[in-house]
Amino acid sequence: MNIASITFNYDAQKQVKGYTIYVDGKVGDVQSFSGQVNIGKDELDLSFILNLVQEKIGETFTKEQPE
């Protein structure tokens with residue numbers, strides 16, 4: 001099985017309430033398949049991703065720009 005993507009699910013206050021994880025079968029599996037699984041934020045903590053994204057954006061803007 002391969003994880004194709006992870007989508008964040010938000011509540012009305014724009015707080016993460018969980019995730020939808022899209023999966024598919026990999027080559028060589030008995031059957032090919034695709035589907036999704038919903039996981040609550042208490043089952044999976046991806047809160048660290050926001051900090052990583054902010055760091056990467058900061059690195060991009062602090063690199064020397066060619067003149």
Side-chain angles (χ1 to χ4, degrees):
M1 177 171 48
N2 294 321
I3 294 176
S5 66
I6 299 175
T7 301
F8 287 67
N9 300 326
Y10 298 93
D11 62 17
Q13 291 75 39
K14 298 187 180 181
Q15 299 295 314
V16 174
K17 66 177 184 176
Y19 313 94
T20 301
I21 302 173
Y22 297 90
V23 297
D24 57 25
K26 61 183 179 181
V27 174
D29 284 347
V30 175
Q31 290 182 312
S32 64
F33 63 92
S34 64
Q36 68 186 48
V37 176
N38 293 313
I39 295 179
K41 71 176 185 175
D42 56 331
E43 298 173 281
L44 177 65
D45 181 11
L46 297 179
S47 60
F48 66 92
I49 291 176
L50 179 58
N51 292 335
L52 290 175
V53 169
Q54 289 172 336
E55 287 176 19
K56 290 292 183 182
I57 290 171
E59 289 173 9
T60 300
F61 287 111
T62 58
K63 286 184 180 178
E64 283 189 35
Q65 300 297 323
E67 294 180 17

**Message:** Suppose we screen for ring pair (Phe, Tyr, Trp, His ring centres under 6.0 Å). Which residues come up paired with Tyr22, at least two apart in sequence or across chains?
**Reply:**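 Tyr22: no ring pair (Phe, Tyr, Trp, His ring centres under 6.0 Å) contacts found.
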
**Smallest separation among heavy atoms of Phe8 and Val16, with atom names** =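 Nearest heavy atoms, Phe8 then Val16: CD2-CG2, 3.8 Å.
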
**Prompt:** Quick one: side chain to side chain donor-acceptor pair (under 3.5 Å) partners of Ser47, sequence neighbours excluded?
**Reply:**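 By the side chain to side chain donor-acceptor pair (under 3.5 Å) rule, Ser47 matches Asp45.
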
**Item:** side-chain contact (heavy atoms from CB on, under 4.5 Å) between Leu46 and Ile6, worked out
**Value:** CA-CA 10 Å; Leu46 297 179; Ile6 299 175; 4.1 Å; yes

**Asked** Going from NZ on Lys41 to OH on Tyr19, what distance comes out if it is rounded to the nearest 0.5 angstrom?
**Response**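 The OH atom of Tyr19 is 8.0 Å from NZ of Lys41, to the nearest 0.5 Å.
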
All N/O donor-acceptor pairs, side-chain side in residues 50-57, below 3.5 Å, sequence neighbours left out:
none

**Message:** Can you confirm whether Thr20 sits close enough to Val37 that some side-chain heavy atom of one is under 4.5 Å from a side-chain heavy atom of the other?
**Reply:** no

**Derivation of the side-chain contact (heavy atoms from CB on, under 4.5 Å) call for Ile21 and Asn38** = CA-CA 6 Å; Ile21 302 173; Asn38 293 313; over 6 Å; no

**Message:** For the backbone of Ala4 and the side chain of Asn2, can you confirm whether one donor and one acceptor N or O come within less than 3.5 Å of each other?
**Reply:**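 Side chain of Asn2 to backbone of Ala4, a donor-acceptor pair under 3.5 Å: no, none is there.
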
